Each structure stands twice: as C-alpha cells, then as structure tokens.
Amino acid sequence: MSDKNSTPTPATDFIRNIISQDLDSGKHQHIVTRFPPEPNGQLHIGHAKSICLNFGVANDFDGKCFMRFDDTNPVKEDNEYVEGILRDVRWLGFDWGENLTHASDYFEQLYLFAEELIQKGKAYVESQNADEIRELRGTLTEPGKNSPFRERSVVDNLTLFRKMRDGEFDDGTHVLRAKIDMASPNINLRDPVLYRIRKISHQRTADQWCIYPLYDFTHGLSDALEGVTHSLCTLEFEDHRPLYEWILAEVSAPCLPRQIEFSRLNLRYTVLSKRRLIQLVEERHVDGWDDPRMLTLSGLRRRGYPPSAIRLFCKRIGISKSENNIEMSVLEDSAREELDKTAPRAMAVLRPLKVVITNYPEDKTEEFEPSRHPKNPDMGTRKVPFSREIYIDHDDFRIDPPAKYFRLAPGKEVRLRFAYVIRCEEVIYDSDGKVRELHCTYDQATRSGTKAEGRKVKGIIHWVSIQHSVPVEVRLYDRLFVNPSPGSDDPGGNFLNDLNPDSIETVTSCRVEPGLLKAKPADVYQFERVGYFCVDSKESRPEALVFNRTVTLRDTWAKLEQENSGQN
RNA sequence: UGGGGCGUAGCCAAGUGGUAAGGCAUCGGGUUUUGAUCCCGUGAUACGCAGGUUCGAUCCCUGCCGCCCCAGCCA
C-alpha cells in the first residue's frame with residue numbers, strides 16, 4: 001500500500017513515553033509540569049524548546065503546566081524581565097491559566113521545611129566562610145572533609161537558623177547546609193548549602209527575608225507543593241537528581257515529583273547562553289534583546305517569525321538526551337513553511353534599475369489585479385498599477401548573461417509578472433560605464449490574463465511602476481556569527497571574534513507596490529521571488545516604512561550560479 | 001585513572017532479538033506567470049569499536065574508544 005494517505009507519525013519522545021506509561025499504570029491520573037525561568041534575562045529559542053515541551057506535554061495529556069518564576073536570588077534577578085517573559089510565553093501560544101506562581105510564594109513553607117530538616121538532624125548551620133567550605137569540599141577525585149560545625153546540636157542549629165532569619169548575622173557569615181555525605185563521589189551530595197544570608201531587597205518579598213533558599217532546596221519542594229508529576233529539566237541537572245530526591249524524601253513533602261532530564265538546544269552559527277546574550281546586548285554588538293539577529297523570542301518576533309514557526313521548529317528538533325547541534329536551515333525552513341501559507345504576496349524592488357517601455361503610451365496607466373496569495377483565493381486580490389516607466393531589480397538584468405539565465409539581457413525577452421512580456425532593446429550607460437537604464441518594448445498581445453497570451457517566456461521578473469511605487473527601507477539580516485560554533489577557534493574562547501560583519505545590510509533605495517502603504521507593524525509579506533519581510537515594529541513609521549527580512553525564499557538559481565562560478 | 005550522561009546517514013531523531021520511521025539538508029525529475037510553493041523519486045558499508053551469547057543483535061553480555069556535564073553561599 002502507498003503510504004500517501006497514512007497519518008503522520010505522532011510526535012513522540014522518551015519523556016512522553018514515560019508519561020504515557022505512568023498514566024497507563026495508574027501512577028498518575030493527571031499530569032502536571034512547570035516552566036520555571038529565572039527572571040534574570042529574556043527568553044530565547046532554547047527556552048522555547050522547554051516551553052513547548054512542558055506546556056505541550058500538559059496539552060497532550062490534558063494536564064496542566066505551571067508558569068513559575070524561579071526567583072530565589074535577588075542579587076541577580078530583576079522584575080523588569082518578568083513582564084517580557086510572560087509576554088513571550090503567551091506570544092508563543094501557551095496559556096498558564098491560573099497557574100502563575102513564584103518560588104518566592106513558598107518562602108515561608110520552604111523555611112518550615114528547613115526547620116524540619118534541622119529537627120531531624122539532617123541540616124546544620126555552617127559558620128565557615130565560602131573559601132573554607134570550598135577547602136573542605138574535596139575535589140572530583142578526592143573526598144571532602146567534615147566541617148567543624150557539622151555536629152552542632154539541633155537546638156543550637158535551630159537557634160542559629162532563626163537568628164539568621166532575624167537578620168542578626170551579616171552576609172556570608174553563616175549558611176544552612178544539608179547533612180548528607182562529605183565523601184560522596186557526587187559533589188552535590190557533599191553537604192550542599194541550602195540557605196544563604198543576603199541582606200538585599202527581593203523584587204517581590206521586599207525586605208521580608210534576609211535569608212534565601214538555593215536552587216536545589218527550592219526547586220524540588222516547589223514542584224512538590226504544586227503537585228508537579230514530571231519535572232523536566234536539562235542535562236546539567238542530572239547530577240542533582242539524587243539531591244532532589246533526598247530533599248523530598250527527608251521532608252514531609254506532599255508528593256514526589258519525578259525529575260527527567262533532556263538535552264538543551266544548540267544551534268549552529270549562534271550563541272544561546274544567557275551570559276553571552278547579555279554580553280552582546282550590554283556591549284552593544286546588537287541593538288538590544290530584540291535585535292532581529294538575536295535568537296531571543298523578542299528578536300525572532302521582530303524578525304518576523306510567527307510563533308507557529310517556532311513551535312514547528314521545536315517539534316522538528318525533537319527531545320532526547322544526546323548533545324545536538326541543529327542546523328539553521330531547520331529554523332529557517334520552519335519559517336518558510338508557515339509563512340508560505342499565510343503571508344500575502346507583494347512586489348518589491350530592492351535595488352532598482354529603471355526600465356522605459358518605449359512603445360507604451362506616456363500618459364497611460366493600467367491596473368492589474370493579482371491575488372494576494374496564489375493558493376488561497378480567500379485572501380483576495382490587490383491592485384498593482386503599471387505604466388511606461390518601471391523599476392526592476394538590478395539582479396534581474398545581465399549585460400552578459402551566463403548560461404541558463406532566464407531573466408533580462410540585451411535582445412532577450414522576459415515576462416513582467418502579472419503584466420506583459422518585454423524585450424530589452426537598448427542599454428543606456430552612465431558616463432562611468434555603469435548601466436543606468438534599459439529601453440524595452442512590450443508586446444500588448446501578451447497581457448496577463450488575456451486569452452492569447454502569446455509565446456512562452458521562461459523568465460518572469462517582478463517590477464514596480466516608478467510613479468506609483470513607494471520608497472521604503474529594507475534591512476537584510478544574516479546570521480550573527482560566521483563560525484558554526486562561535487569562539488571554538490579562539491584559544492581564549494572569545495566568541496566575539498566570530499561576529500559576522502555583514503549580519504545586517506540596510507538598503508534604503510527600495511521601492512514597493514503602493515498597496516504596502518497600509519502595512520502595519522509586524523505584518524509579514526512575501527516579496528515575490530525574494531523572501532519574507534515584516535514591518536519593523538520599532539522603527540517603521542507610516543510615512544517611512546522599514547521592512548526586516550525574515551528569511552529568503554529558496555533560491556536554486558543563486559545556488560547554481562554560485563557553483564558554476566566556483567568551478568571557474 | 002571520582003561520579004553522572006551520551007554515541008543510529010551531512011544535521012536532528014524514532015524503533016525492534018528477525019534484518020532500520022520521519023524531518024531538515026543533498027541530488028534527480030514533474031507541475032508552475034514567484035528559478036518559490038507543490039508533487040514524485042533519491043542514501044546498493046547509518047545503528048562508535050572489538051569480542052561474546054543466539055539459528056539470528058543495532059537492540060542482551062563483556063571490554064574498549066570518543067564526546068558532554070559536575071569541585072557557586074548561580075540556576
């Protein structure tokens with residue numbers, strides 16, 4: 001049998017498999033996940049992978065997903081990021097409903113769990129400083145040594161811990177540690193720090209607390225308090241799982257979530273680490289978090305990527321535990337697939353070359369009415385004026401055309417899309433020898449849509465009527481880095497050396513068909529034969545439109561020509 | 001030379017003790033007033049290596065190799 005009509009393979013991955021089993025076995029009736037960003041930066045395409053997984057799993061299994069801010073470190077976090085993160089998750093297409101929480105919502109309960117640990121003799125107040133603690137921690141190959149404060153009495157620990165909370169000690173003087181095993185081969189189990197003193201105002205709890213719990217203590221308990229069934233995180237937390245489970249087991253946790261790790265996203269020709277992203281922004285290598293070259297969600301949005309394209313991308317890359325290095329083409333093709341279906345078509349000339357149609361009446365104007373989308377008549381039509389003087393793209397004319405060049409050249413014919421077939425009769429040069437304009441003749445019998453369309457012409461090019469066209473600015477974006485793995489060739493690992501000097505090209509002399517005058521910020525069009533472009537949402541103005549190139553169209557001719565020239 | 005992971009075609013990624021889904025990329029071809037889209041076809045040694053168990057292993061066992069992560073009072 002042909003598989004032409006078979007249903008596509010359903011999205012599956014090892015995590016969904018585990019969840020299915022947990023549901024089938026009756027271990028869980030409902031599944032609960034969570035997306036837990038720290039509000040210390042903006043979300044990027046790597047977060048999108050996690051968002052699509054966590055919210056996607058909740059959707060697939062009719063469960064729920066908490067949107068939870070992991071705000072346990074007031075030193076690094078800032079409320080300014082919260083709004084942006086929520087906006088980005090919503091934009092991506094996910095809804096947390098009532099389930100918006102913060103780790104800081106649980107500070108009181110977390111504190112009580114800590115006292116419980118102390119009561120059980122499973123935690124103690126450490127009075128060495130950070131350096132001293134590190135000294136006794138041991139190394140990867142040598143076990144650590146017990147702290148001199150490890151055997152403090154429960155009463156002393158409790159008293160000290162309460163004084164810590166009450167602000168009686170300075171930052172760094174004491175810390176609460178779990179009492180596990182200083183000789184564990186897993187360093188995370190060598191009496192990890194649970195609480196530290198930070199006399200700094202928290203963005204949500206203000207000055208209510210001066211001790212703050214660390215990630216390991218906070219995360220699992222927050223999961224448990226929310227009834228999370230599957231806590232999905234990235235691979236670097238794999239070593240933390242024993243600690244995650246230890247904490248839940250030693251305390252009266254309401255339930256025991258299961259942590260499952262998957263590999264984080266790596267994309268070629270870009271960087272995704274928060275540290276590097278912040279550096280790009282702060283050192284002004286890009287124009288902010290939403291620079292269209294940034295693979296932040298705000299950057300992708302401004303670039304013209306529809307959320308559906310990002311979801312498609314996440315579906316295509318899959319979920320697994322292996323290191324990966326995804327090619328840009330996967331992202332770009334996801335955008336093309338979505339945009340091809342939804343973007344209205346328009347004609348735009350990026351690098352104008354004047355063409356005078358010498359046998360066309362000087363004062364005549366006619367209007368063509370092509371559809372906005374070749375396959376979706378519901379999108380309607382638009383009016384495109386035509387007259388004696390038009391612009392075509394410089395790239396669509398060659399004085400000396402290579403083999404298989406279907407476009408315009410001296411003595412050659414080409415079809416003006418939706419209009420007539422023209423023939424290039426004469427090339428007019430500037431004094432410096434550059435092509436200034438073309439004199440062509442048109443054949444009235446080839447008018448688009450008429451019965452006798454006449455001869456077959458292989459080449460079709462786009463154009464705009466000079467007097468009717470509107471000038472716009474277009475920004476052509478390319479990858480931000482020239483190295484598939486930025487910084488990998490530099491002994492010092494400096495990724496900035498790999499910045500692509502041509503990652504943005506601003507073209508100011510573009511002309512587009514008049515219908516684009518009503519384009520609104522963030523609208524995306526396909527400029528026929530060129531690519532997808534969206535109205536810049538920050539710098540475009542009704543009287544001075546600015547378009548960002550989201551992604552080019554596939555261009556087999558450019559590829560062919562490049563290969564041919566490479567052979568010579 | 002401690003611990004934890006990973007290793008299926010160029011890049012991702014399913015899957016099974018019985019001879020390997022799918023996507024992206026590639027290369028052909030067809031349709032086309034976008035060299036786009038769409039459609040069809042395409043990888044005769046792709047299951048890290050070496051042994052072993054088995055009638056038969058990518059999937060089981062043993063050993064080896066390679067890569068990633070961990071020594072924050074970051075997450």
Side-chain angles (χ1 to χ4, degrees), chain A residues 3 8-9 11-14 17 36-38 40 70 72-73 75-77 126 129-130 133-134 137-144 171-177 184-190 192-198 212 214-216 218-219 233-242 261 263 268 274 312-313 315-334 336-337 340-341 345 347 370 374-375 404-407 415-419 421 446 448-449 453 456-462 526-531 552-561:
Chain A
D3 57 1
T9 315
T12 179
D13 53 69
F14 77 100
N17 288 162
E38 183 186 16
N40 69 341
D70 215 342
T72 60
N73 189 355
V75 176
K76 297 173 70 176
E77 295 148 12
E126 167 69 87
N129 63 34
I133 290 175
R134 189 181 315 118
R137 183 147 37 220
T139 67
L140 293 179
T141 53
E142 305 162 42
D171 286 17
T173 55
H174 302 276
V175 70
L176 183 74
R177 287 233 252 176
S184 172
N186 181 342
I187 292 180
N188 293 302
L189 263 20
R190 317 237 267 228
V193 174
L194 269 19
Y195 269 87
R196 77 297 225 183
I197 300 170
R198 285 286 178 276
Y212 295 96
L214 276 86
Y215 169 84
D216 287 305
T218 309
H219 207 85
C233 63
T234 45
L235 252 27
E236 65 270 26
F237 292 104
E238 213 150 13
D239 288 341
H240 294 241
R241 195 183 341 126
E261 311 83 13
S263 56
R268 292 187 174 186
K274 209 171 273 185
L312 177 61
F313 169 75
K315 182 180 172 188
R316 285 179 172 174
I317 59 174
I319 297 290
S320 76
K321 296 188 71 160
S322 38
E323 284 302 314
N324 57 75
N325 218 198
I326 311 291
E327 292 174 345
M328 268 299 174
S329 64
V330 182
L331 215 212
E332 293 173 340
D333 188 74
S334 298
R336 291 192 188 101
E337 181 162 325
D340 174 62
K341 291 186 292 194
R345 313 286 129 124
M347 290 200 286
K375 290 181 178 173
K404 290 184 181 167
Y405 184 79
F406 303 149
R407 285 109 97 153
R415 172 173 285 283
L416 295 176
R417 173 138 238 238
F418 306 128
V421 171
T446 59
S448 187
E453 289 197 9
K456 281 286 178 192
V457 178
K458 184 75 175 172
I460 299 155
I461 64 174
H462 55 94
Q526 183 198 96
F527 289 175
E528 296 211 45
R529 303 209 311 128
V530 182
T552 62
L553 247 34
R554 268 203 196 78
D555 190 346
T556 55
W557 163 249
K559 198 182 300 173
L560 216 183
E561 191 178 32

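Everything quoted here is computed from the prediction, not taken from an experiment. In what follows, chains are A, B, ... by sequence order, proteins preceding strands, each numbered from 1.
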Trainee: Expressed in whole Å, how much space separates the P atoms belonging to B:U45 and B:G4?
Mentor: 38 Å
Trainee: How would you list, by chain and number, every residue that makes a side chain to side chain contact (heavy atoms under 4.5 Å, CB included) with A:Pro143, sequence neighbours excluded?
Mentor: A:Ala183
Trainee: Taking atom C1' in both B:U32 and B:G15, what distance in whole Å separates the two?
Mentor: 39 Å
Trainee: Could you tell me which residues satisfy salt bridge (charged side-chain N to carboxylate O under 4.0 Å, His left out) with A:Glu236, sequence neighbours excluded, listed by chain and number?
Mentor: A:Arg264
Trainee: Would you classify A:Lys341 as touching base, sugar-phosphate or nothing, given that sugar-phosphate means primed atoms plus P, OP1 and OP2, and contacts are heavy atoms under 4.0 Å?
Mentor: nothing
Trainee: The side chain of A:Arg529 is closest to which nucleotide in this list: B:G2, B:G35, B:A13?
Mentor: B:G35
Trainee: Restricting to salt bridge (charged side-chain N to carboxylate O under 4.0 Å, His left out), what partner residues turn up for A:Lys76, sequence neighbours left out?
Mentor: none
Trainee: Between B:U33, B:C24, B:G35, which one does the side chain of A:Ser329 approach most closely?
Mentor: B:C24
Trainee: The criterion is side chain to side chain contact (heavy atoms under 4.5 Å, CB included); which residues satisfy it with A:Asp555, sequence neighbours excluded?
Mentor: A:Trp557, A:Ala558
Trainee: A:Asp239: what forms a salt bridge (charged side-chain N to carboxylate O under 4.0 Å, His left out) with it, not counting sequence neighbours?
Mentor: none
Trainee: Which residues pass the side chain to side chain contact (heavy atoms under 4.5 Å, CB included) test with A:Ser329, sequence neighbours left out?
Mentor: A:Glu327
Trainee: Measuring from the side chain of A:Leu553 (C-beta onward, heavy atoms only), which nucleotide among B:G35, B:A36, B:C12 has the closest atom?
Mentor: B:A36
Trainee: What string of B, S and - do you get for nucleotides 69-75 of chain B, 5' to 3', if B is base contact, S is sugar-phosphate-only contact and - is no contact with any protein heavy atom under 4.0 Å?
Mentor: BBBSBBB
Trainee: With sequence neighbours excluded, tell me which residues meet side chain to side chain contact (heavy atoms under 4.5 Å, CB included) with A:Pro374.
Mentor: A:Arg345
Trainee: Nearest to the A:Ile460 side chain among B:U26, B:C24, B:U34, which nucleotide is it?
Mentor: B:U34
Trainee: On a plain distance test, is the side chain of A:Arg316 in donor-acceptor contact with the base of B:G22 below 3.5 Å?
Mentor: no
Trainee: How would you list, by chain and number, every residue that makes a ring pair (Phe, Tyr, Trp, His ring centres under 6.0 Å) with A:Phe313, sequence neighbours excluded?
Mentor: none
Trainee: I'd like a table of atom pairs between the protein and nucleotides 29-32 of chain B - only N or O on both sides, under 3.5 Å - with the distance next to each one.
Mentor:
none

Trainee: List every contact pair, protein side and nucleotides 64-68 of chain B side both N or O, where the distance is under 3.5 Å.
Mentor:
unit_1: B:C68; atom_1: O2'; unit_2: A:Glu323; atom_2: OE2; d: 3.2

Trainee: With respect to the side chain of A:Ser320, which nucleotide from B:C24, B:A13, B:U33 is positioned closest?
Mentor: B:A13
Trainee: On RNA chain B, check which nucleotide each of A:Gln526 and A:Asn17 is closest to and give me the residue with the more 5' one.
Mentor: A:Asn17
Trainee: Excluding sequence neighbours, so at least two apart, what forms salt bridge (charged side-chain N to carboxylate O under 4.0 Å, His left out) with A:Arg177?
Mentor: A:Glu126
Trainee: Side chain of A:Lys321 only, please: which of B:U34, B:C6, B:C11 is the nearest?
Mentor: B:C6
